[in-house]
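Order of the sequence lines sets the chain letters (A, B, ...), proteins ahead of strands, with each chain counted from 1.
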Protein chains: 2
Amino acid sequence: MSCLVSRLRYYLDISEDDEKLVLELEKQEVNYKARRTLNLQQQKNNLFILKRGWLYRYADLQDGRRQVLRVHYPGDIIGLTDIAMCETFGDLATATDVTLCPFQKKHLDKVFIQSPRLTALIFSLGMLEEAILLDRITMIARNNAVNRVANYMLELYSRQKIHTNNTVFTTFNMPLTQDVIADALGLTNVSVSNAFAQLKQENKILNHRKRITILDPDKLKKDLNFIDRFFEIDTSWFPNA
Amino acid sequence: MSCLVSRLRYYLDISEDDEKLVLELEKQEVNYKARRTLNLQQQKNNLFILKRGWLYRYADLQDGRRQVLRVHYPGDIIGLTDIAMCETFGDLATATDVTLCPFQKKHLDKVFIQSPRLTALIFSLGMLEEAILLDRITMIARNNAVNRVANYMLELYSRQKIHTNNTVFTTFNMPLTQDVIADALGLTNVSVSNAFAQLKQENKILNHRKRITILDPDKLKKDLNFIDRFFEIDTSWFPNA
DNA sequence: CGATATATTGAAGGCAATCAAGAAGTGTGG
DNA sequence: CCACACTTCTTGATTGCCTTCAATATATCG
C-alpha cells in the first residue's frame with residue numbers, strides 16, 4: 001500500500017487512474033540505514049517518495065555549522081522544492097532506517113497532462129508547505145528558545161497525525177537528536193537541552209529516549225498561537241475529475 | 001501590457017492561447033494609495049495579480065509586534081500561498097501606490113485544465129519561492145544583523161532584475177522603511193539602522209532617501225554566500241505546448 | 001508650514017552562544 | 001552479556017549581540 005496515495009486520499013477522492021499515475025512513480029525502491037547522508041547533487045533530476053522512516057534535508061554553511069531545512073515523513077515527496085532549479089542544494093540525512101522510491105523529474109509531466117485534479121492537489125500541498133515555512137520564519141524570528149522548541153514539537157505532532165491518519169497519541173516517537181533540532185531552529189544543542197528542561201519543569205512537554213509527550217496539546221497550541229495548517233485543505237476550486 | 005505575462009516570458013515561451021488565459025485573470029483593476037492596509041480575510045477566495053507598486057504581506061503577533069512575510073513586486077501573483085487554506089492569515093499593506101487585479105481562485109482551474117505547460121511554470125515559480133524561504137530561514141537563523149540586512153538588499157536587487165528584465169542598476173528604489181525591513185528579518189528598527197550605518201562605513205551598501213546603492217554586488221554575494229535563484233529555472237521536464 | 005512618520009544615536013540589560021567538563025545513553029564486538 | 005568507544009545530553013561560567021528604552025534629528029505629507 002502506498003503511503004503517498006493514502007496521504008492524498010486524506011484530502012481528496014483519488015480515482016483509480018490517478019492512483020495508477022502515483023504508483024507509477026513508486027516502482028523502484030532503495031533502502032538506507034539510519035544516520036547516513038545522501039548526496040543530492042548526484043541525484044540530479046531525481047525526486048523521491050519517502051515510504052518508510054524519517055529523513056531530513058540540511059545545508060552546510062561556510063563556518064561549518066549547518067541548517068536543517070526540512071524534516072520528511074512517510075508519504076512525502078522529496079525534492080519538489082528544487083524542481084525549478086537546475087542545481088539542487090543541500091543534502092539529505094537519515095534519522096532512522098528509510099525506504100525511498102526515486103523517480104525522474106520528467107515523469108511528473110504525465111501527471112500534469114493527464115490529471116489536472118491531481119496536479120492541483122500536489123500544487124496545494126506544496127503551497128501548504130510554503131505557508132508552514134512562513135510560520136516557521138515567524139517563529140524563529142520572534143520567539144525565544146523555549147517557545148521555538150515547544151512550537152516545533154507541536155508541528156511534528158500535527159504532521160504525524162496526517163501521515164498516520166489521526167492514529168497518533170500525545171506520546172509519540174521523535175527520533176531527531178537535539179543537535180538536529182537545534183540546527184532546524186537556529187539554536188545550539190545547549191539551548192535545546194535547556195529548553196526541554198524548562199518545558200519538563202513546567203509540565204508541558206516530556207522527552208525521554210526519543211519519545212515525546214505533550215501533556216496538553218490544545219492548551220499549548222493556544223499559548224503559543226500555533227496554527228495547525230495540516231488537517232484540511234480547500235479543494236473547492238479544483239478541476240473536476 | 002501585462003507584467004505577469006512579461007515575467008512568465010522571461011522564463012518560457014508563452015503561446016497566444018496561454019497569454020489569453022493569463023489576461024483573462026487581469027480584467028479587473030483596483031488602485032490603492034501608499035501605506036494602506038488591505039484586510040485579506042474579506043477577500044477570501046480572491047487572488048491578486050500585482051500590476052504596479054510594492055506591497056507586503058505581514059502577520060500581527062500576540063505581543064503587538066508583527067512579522068513581514070513577503071514583499072511583492074509587479075508581476076507577482078498574490079495569495080497562491082493561501083490557496084490550500086480555507087482561511088487566509090495575515091494582511092497586506094502597500095509600500096507605494098499600487099494597482100491590483102483581483103480574480104477568483106476558481107478561475108485558476110481553467111489554467112490547470114487547458115495548459116499543463118503554464119501550470120508547470122506557475123508551479124515551478126511557487127517552488128522557487130519556497131526555496132527562497134528556506135534560504136531566508138537559514139539567513140535569519142544563522143546570521144547577525146549586518147549580514148541579514150545586506151543579504152536582504154541583495155535579494156531585493158535580484159528580484160528587481162527579473163521583474164524589470166535586467167534593466168536595474170546597482171542603485172535602485174527601495175521604498176521599504178527600516179521598520180518593515182526589521183519586521184521582515186526578525187530585528188528591531190534600531191538594529192537595522194545600525195546595520196546600514198556599518199555597511200555604509202565598510203563601503204558595501206549606501207542608502208539615501210529610499211534609494212539603495214550596492215557598491216560591488218558580486219563581491220558582496222560571494223562574501224555572504226548569497227545564492228541567486230531568480231535568474232533561471234529548469235523547464236526541461238515541462239509538458240510540451 | 002506644521003504635524004507626523006521615520007531614522008539616528010547612546011546607555012543598560014537580557015538571552016542565547018561559546019567554552020568546557022562530566023554524565024547518560026547507544027551500539028558494537030569479543 | 002559485558003566492556004569499551006562513541007554519541008548524545010546535561011550543567012555551569014563567561015562573553016557578546018541584539019533588544020529595550022529614551023531622546024533627538026531628519027524626512028515626508030497634507
Side-chain angles (χ1 to χ4, degrees), chain A residues 33-37 56 61 63-68 93-97 139-153 173-201 205-212, chain B residues 32-37 56 61 63-68 93-97 139-150 152-153 173-201 205-212:
Chain A
K33 288 269 177 203
R35 262 165 293 120
R36 302 295 146 86
T37 63
Y56 59 89
L61 306 182
D63 58 7
R65 294 182 303 177
R66 53 176 205 166
Q67 179 67 35
V68 169
T94 58
T96 66
D97 294 359
M139 177 181 100
I140 291 178
R142 298 297 193 186
N143 277 326
N144 64 21
V146 175
N147 286 355
R148 283 191 228 180
V149 171
N151 209 310
Y152 201 53
M153 291 304 109
N173 286 320
M174 203 288 297
L176 305 178
T177 66
Q178 294 187 0
D179 276 296
V180 175
I181 296 170
D183 286 340
L185 299 178
L187 297 167
T188 58
N189 59 345
V190 178
S191 295
V192 173
S193 177
N194 288 331
F196 274 123
Q198 186 175 331
L199 288 166
K200 185 178 183 177
Q201 202 210 327
I205 294 177
L206 311 178
N207 70 322
H208 185 60
R209 294 195 173 197
K210 307 297 181 203
R211 289 183 72 75
I212 291 284
Chain B
Y32 292 95
K33 287 272 177 203
R35 262 166 295 119
R36 301 295 148 88
T37 63
Y56 60 88
L61 306 182
D63 58 7
R65 294 184 303 179
R66 51 175 209 170
Q67 179 67 36
V68 169
T94 58
T96 66
D97 292 359
M139 177 182 102
I140 290 178
R142 299 297 193 185
N143 278 325
N144 63 22
V146 175
N147 286 355
R148 282 190 229 180
V149 170
Y152 201 54
M153 293 303 110
N173 286 320
M174 203 286 298
L176 303 179
T177 67
Q178 295 187 359
D179 276 297
V180 174
I181 296 170
D183 286 340
L185 299 178
L187 297 167
T188 57
N189 58 346
V190 177
S191 296
V192 173
S193 177
N194 289 331
F196 273 123
Q198 186 175 329
L199 288 165
K200 184 178 184 176
Q201 201 209 327
I205 295 177
L206 311 177
N207 70 322
H208 185 61
R209 291 195 175 197
K210 307 293 179 204
R211 289 182 72 74
I212 290 286

So, OP1 or OP2 of [N]: does either fall under 4.0 Å of a side-chain N or O from [X]?
| X | N | value |
| --- | --- | --- |
| Lys210(A) | dC9(D) | yes |
| Gln178(A) | dT7(D) | no |
| Thr188(B) | dT19(D) | yes |

With nearest nucleotides of DNA chain C determined for Arg209(A) and Asn143(A) from heavy-atom distances, which residue corresponds to the more 5′ nucleotide?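 It is Asn143(A) whose nearest nucleotide is closer to the 5' end.
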
Check Ala195(B) against Ala145(B) and note the closest heavy-atom contact, atom names and distance.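 Taking Ala195(B) first and Ala145(B) second, the nearest heavy atoms are CB-O, 4.1 Å.
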
Rounded to the Å, how far apart are [X] [atom1] and [N] [atom2]?
| X | N | atom1 | atom2 | value |
| --- | --- | --- | --- | --- |
| Asn189(A) | dA21(C) | CG | P | 16 Å |
| Arg142(B) | dC18(D) | CZ | P | 15 Å |
| Asp179(A) | dT10(D) | CG | C1' | 13 Å |
| Arg148(A) | dA16(C) | CZ | C1' | 9 Å |
| Asn147(B) | dG16(D) | CG | P | 18 Å |
| Arg211(B) | dA27(D) | CZ | P | 16 Å |
| Gln198(A) | dA16(C) | CD | P | 9 Å |
| Leu185(B) | dC17(D) | CG | P | 18 Å |

Name the closest nucleotide to the Ser191(B) side chain, picking from dA20(C), dT19(D), dT8(D).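 Closest nucleotide to the Ser191(B) side chain: dT19(D).
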
Which one, dT8(D), dA7(C), dA17(C), comes nearest to the side chain of Leu187(A)?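 The listed nucleotide nearest to Leu187(A)'s side chain is dA17(C).
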
Is it true that a side-chain atom of [X] and a backbone atom of [Y] form a donor plus acceptor pair closer than 3.5 Å?
| X | Y | result |
| --- | --- | --- |
| Asp97(A) | Ala34(A) | yes |
| Arg65(A) | Arg142(B) | yes |
| Arg36(B) | Thr94(B) | no |

Against Met153(A), only a single residue in Asn207(A), Leu199(A), Ile212(A) fulfils side-chain contact (heavy atoms from CB on, under 4.5 Å); can you say which?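 Considering Asn207(A), Leu199(A), Ile212(A), a side-chain contact (heavy atoms from CB on, under 4.5 Å) with Met153(A) is found only for Ile212(A).
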
What contact category does Val192(B) fall into here, base, sugar-phosphate, or nothing, at under 4.0 angstrom with non-hydrogen atoms?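 It contacts nothing in the nucleic acid.
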
Would you kindly compare Gly186(B) and Arg35(B) by the position of their nearest DNA chain D nucleotide and give the one closer to the 5′ end?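 Result: Gly186(B).
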
